[in-house]
Number of protein chains: 2
Amino acid sequence: MRLALIQELKNCLTESVLVGAPTLDIAKTLMKSQDFDLVLIDPGLPGVNPISLFDRLSVIEQVVDASPSATHVVITGSDSVAEAGHCRRFGVAGYVGKTGLMRGLLAEVLQDISQNGFSIRTSPTDQLAADFHYSGLTGREQEILDCMRRRERGMKRKEVYEQIGDRIGVDPATVEKYYKQARAKLLRRGRLPDGI
Amino acid sequence: MRLALIQELKNCLTESVLVGAPTLDIAKTLMKSQDFDLVLIDPGLPGVNPISLFDRLSVIEQVVDASPSATHVVITGSDSVAEAGHCRRFGVAGYVGKTGLMRGLLAEVLQDISQNGFSIRTSPTDQLAADFHYSGLTGREQEILDCMRRRERGMKRKEVYEQIGDRIGVDPATVEKYYKQARAKLLRRGRLPDGI
DNA sequence: TGGAAAAGGGGTGCCGCCCTCCCTTTTTGA
DNA sequence: TCAAAAAGGGAGGGCGGCACCCCTTTTCCA
């Protein structure tokens, strides 16, 4: 999970130094020795009773106290609006549910925080679908395929090309090319997922 | 977490098709519609009481029953030797603790399973350290730096070069070059972690 | 039924990563 | 003390991803 979040942060930050701590004690030691700009907290780590709200909030409070100058974002598997409220009172700037946390969402959250000072994204209870990966696809092809599978039904592909192209700063025709390339690869392997 | 595991599998499998399911129901539907060679199971997903051994084993049993022809590996945050034993009775081939699950370990587990039929890796309670990432490093540089930081003390760098080079199939001199490159980049940034 | 959307393919230039081989100077340790 | 280890750079080839350009044929639907 740490590695996945670090990967996400690498994609949306430039020239960043990232440190991952496997335990609360290691995290506190790190924060004593240096200052951080951004701290992500998962209060459900081993050693903490994930059911006890008190234990969870205690972890969050300890981290916030140890790094008062940083921006804090809580990322948890068992999220609730009530807990988000408590976190905000501690000075936490963002609260994100792990379930449904997809690529690029962390970037949106950081964007929200820099604009509004606070951002909260709880896990969606619907709209969950299996995600499909094929090792023969390049990064871009996979990314565009994901967007296409998540498009609202009735939406024309051409509109999606324009939307994606606008978002990633690429010619819509190029996006179309990538999508067709990805589709062709999957067809050759006979493994077309639904929604394509 | 799913994305991280899929990334891991992409690295150690060739020409693979990977599907990630966010819920147990979606997973069961998928397994009904097609056969899989390998199924990873995390019994601690939202909607399951992660404390209840009964609930956890129930999830594992349902997945195994739904994909009888596949190899099964349980990957969980709260791992125990007792649970591993129960899993094995269900026909599960691998049991891995999330904590301390580092890059390449999943490949070792799959290797073990293909040789011995079973593999178990519980979370280490010591030897935990912060991991360090800098976006200015290339993949190889980061990988070699990680290995160097995890080396046993007293071990000469030259030995590590040879060990890594042998493992990834690259000239030890090249590994040395990468390490020095990575070190130089970090020095220019003034952000040298411990153990380098 | 005619035009837009979609499917399907070929080619090109750029850039970053990976790997290799070359060199010098400083530090370490038996 | 003296050789091995380590630090610090320079140059270059191969390859793949990325973005852009071009083209034809088939399908959809208003």
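FYI, side chains are in, hydrogens and waters are out, and symmetry mates aren't considered; it's all heavy atoms of this structure. Order of the sequence lines sets the chain letters (A, B, ...), proteins ahead of strands, with each chain counted from 1.
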Taking atom types as modelled, find out whether A:Gln62 and A:Ser58 have a side-chain donor-acceptor pair closer than 3.5 angstrom.
yes
Nearest whole Å is fine: how far is C:dA5 P from A:Glu159 CD?
9 Å
With a 4.0 Å cut-off on heavy atoms, is B:Lys156 in touch with a base, just the backbone sugar-phosphate, or nothing at all?
sugar-phosphate
Find the distance B:Ile144:CD1 to D:dA6:P and express it as a whole number of Å.
15 Å
A:Arg188 CZ to C:dA7 P, in whole Å, measures 15 Å
Any side-chain N or O of A:Arg157 below 4.0 angstrom from OP1/OP2 of C:dA7?
yes
Out of D:dA19, C:dC19, C:dA7, whichever nucleotide has its closest atom nearest the side chain of B:Thr174
C:dC19
Short side-chain donor-acceptor distance under 3.5 Å, A:Arg56 and A:Thr76:
yes
Short side-chain N/O contact from B:Thr138 to OP1 or OP2 of C:dC18, under 4.0 Å
yes
Would you kindly check if the NZ (Lys) or CZ (Arg) of A:Arg189 is within the cone defined by 45 degrees around the ring axis of A:Tyr134 and under 6.0 Å from the six-membered ring centre?
no
Taking atom P of D:dC20 as reference, at what distance in whole Å does atom CD of A:Glu176 sit?
13 Å
So if I take every side-chain heavy atom of A:Val170 and compare against D:dC20, C:dC19, C:dG8, which nucleotide ends up nearest?
D:dC20
Whole-Å distance between C:dT12 P and A:Asp171 CG?
20 Å
Nucleotide C:dG16, atom P - distance to CD of B:Glu141 in whole Å
13 Å
Could one point to a donor on the side chain of A:Lys177 or the base of C:dG10 with an acceptor on the other under 3.5 Å away?
yes
5'-most by nearest nucleotide on DNA chain D - A:Gly136 or A:Gly169
A:Gly136
Side-chain H-bond candidate by donor/acceptor type, B:His133 with A:Ser16, under 3.5 Å:
no
Are OP1 or OP2 of D:dC18 and a side-chain N or O of A:Tyr178 less than 4.0 angstrom apart?
no
For A:Tyr161 and C:dA4, give me the distance from atom OH to atom C1', rounded to whole Å.
13 Å
Does B:Lys158 have a side-chain nitrogen or oxygen under 4.0 Å from the phosphate oxygens OP1 or OP2 of D:dA5?
yes
Return whichever of B:Leu137 or A:Ala184 has its heavy-atom-nearest nucleotide of DNA chain C closer to the 5' end.
A:Ala184
Consider only side-chain N and O atoms of A:Arg88 and A:Tyr95, and report whether a donor and an acceptor are under 3.5 Å apart.
no
Nucleotide C:dC18, atom P - distance to CD1 of B:Ile168 in whole Å:
10 Å
